[in-house]
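Computed over heavy atoms, backbone and side chain alike; hydrogens, waters and symmetry mates excluded. Remember, it's 1-based here, ligands and their atoms both numbered in the order they're listed.
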Amino acid sequence: MAVDVEVRALVTKADELLKAASNRTDPDVAHAAAADNLESAAGLLVQVEDRELRDELVVLVGRRLDDLGVAQRTAELAEVAAAADQPRAIGLPQPSAATLAAPLRRGENDRLAPGQHRVRGLPVLHVGRVPDRSRDDLQLRITGKVRGRRHDLDWAAMSAYPEVTITTDIHCVTAWSRFDISWTGIRPRDLLEDLGVEPGATHALVYGANAYSANLDLATLYRDDVLLAWACDGEPLTPEHGAPLRLVVPSRYFWKSTKWVDTIQLLDRDVPGYWEARGYHNVGDPFLQERYG
Ligand SMILES: Nc1nc2c(c(=O)[nH]1)N[C@H]1C(S)=C(S)[C@@H](COP(=O)(O)O)O[C@H]1N2
Ligand SMILES: [Mo]
């Protein structure tokens, strides 16, 4: 699909979500989903080569983001679009270091999932407020199809499993990718196999603050590169990135990586999580562009 067509499709999707929002019991959710679509569209704008067309799309996307209160995005997007025309622009002017574009080096093309652009930092994205949770408060509940029905692990019990550090790339459905980010924590597999998963368990819902959740099949949750992480790039997780504990699932769009994890529910069937129930793809493989259901 041509990039401008993709941008228009995302805008249409956002408009539909906003139109439906007033009939919903929780309009904030629809607003957040619309904003997510619009941010995806915003991320694609630099790829629109025709200047006039790009300027038109900047206004289309930016106005809507402005209306949603996503802080003066029209002005920002206009800068980005202008920079796209400068032959040797040093990256793209963007609101924060987190979204500074990082040019691809030779050989890095296959690392970038389709439709994504590379950034240097780690943008912060979530529904609701950042909760104030410390390691001392950690109570990780494992429930559902697990031997003993329910386990509540505190920090000491959780962190007693082997510590693992992985370096990986992260792909967010809003079209940014971050390369070579390191995470330290434990493998959910080590924890779950030790507690004893009941036969018949096939999926999990991983819950975090603000009633957020993401669903995964157990084979994915058991992958070597999946962590319940407490550190990122060698530093303890910051509150906005999910402290004290977050899930990291590099092989899926980043919405699957629940922050502020407090519960893992093992299930004998697949139950959609927060975004999966709101139109996102059930699996979310970035290399297959499984963005929306
Ligand atoms: N609890 C919780 N976890 C969450 C989310 C959320 O809204 N709540 N958002 C997800 C989405 S959509 C993304 S892109 C990543 C963002 O993680 P970051 O803010 O550390 O970059 O967190 C994921 N985990
Ligand atoms: Mo996301």
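Thr263 meets the side chain to side chain contact (heavy atoms under 4.5 Å, CB included) test with Arg141, Thr143, Tyr207; sequence neighbours excluded.
Scanning the protein for heavy atoms near atom 1 (N) of ligand 1, the closest one is Lys259 O, 3.0 Å. Distance from atom 7 (O) of ligand 1 to its nearest protein heavy atom, with residue and atom name: Val127 N, 2.7 Å. Counting only heavy atoms of the protein, atom 21 (O) of ligand 1 lies nearest to Pro123 O, 2.5 Å. Atom 12 (S) of ligand 1 has as its closest protein heavy atom Trp255 CB, 3.4 Å. Counting protein heavy atoms only, atom 10 (C) of ligand 1 is closest to Tyr212 OH, 3.4 Å. Counting protein heavy atoms only, atom 22 (O) of ligand 1 is closest to Arg246 NH2, 3.5 Å.
By the 3.5 Å distance cut-off applied to N or O atoms, Leu125 is counted among the residues near ligand 1. In terms of N/O distances under 3.5 Å, ligand 1 is not approached by Trp176.
Contact annotation for Cys172 and ligand 1: only side-chain heavy atoms (C-beta onward) come within less than 4.0 Å of the ligand. Contact annotation for Ser257 and ligand 1: only backbone heavy atoms (N, CA, C, O) come within less than 4.0 Å of the ligand.
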Which side-chain N or O atoms in residues 266-274 pair as donor and acceptor under 3.5 Å with protein atoms at least two apart or in another chain?
| from | atom 1 | to | atom 2 | distance (Å) |
| --- | --- | --- | --- | --- |
| Asp270 | OD1 | Asn215 | ND2 | 2.9 |
| Asp270 | OD2 | Asn282 | ND2 | 2.7 |

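In summary, Arg118 and Asp169 do not engage in a salt bridge, as defined by a charged side-chain N under 4.0 Å from a carboxylate O. Using a cutoff of 4.0 Å between basic side-chain nitrogens and carboxylate oxygens, Glu193 and Arg187 are not scored as salt-bridged. A salt bridge does not link Lys259 to Glu240: none of the charged side-chain nitrogens sits closer than 4.0 Å to a carboxylate oxygen. Residues Asp36 and Arg278 are not paired through a salt bridge, judged by the lack of any N-O separation under 4.0 Å between the basic side chain and the carboxylate.
For the residue pair Thr165/Thr184, the side-chain donor-acceptor check at 3.5 Å is satisfied. Between Ser177 and Gln116, the side chains place a donor N or O and an acceptor N or O closer than 3.5 Å (distance only, hydrogens not considered).
Listed by number with element, the atoms of ligand 1 under 4.0 angstrom from any heavy atom of Ala209 are 1 (N). In the vicinity of Leu122, heavy-atom distances shorter than 4.0 Å reach the ligand 1 atoms 21 (O).
With distances taken over non-hydrogen atoms, the option nearest atom 13 (C) of ligand 1 out of Tyr280, Trp275, Phe254 is Phe254.
Residue Leu195 is grouped with residue Tyr222 when hydrophobic side chains (ILVMFWY) are merged at heavy-atom distances under 4.5 angstrom, including chains of intermediate members.
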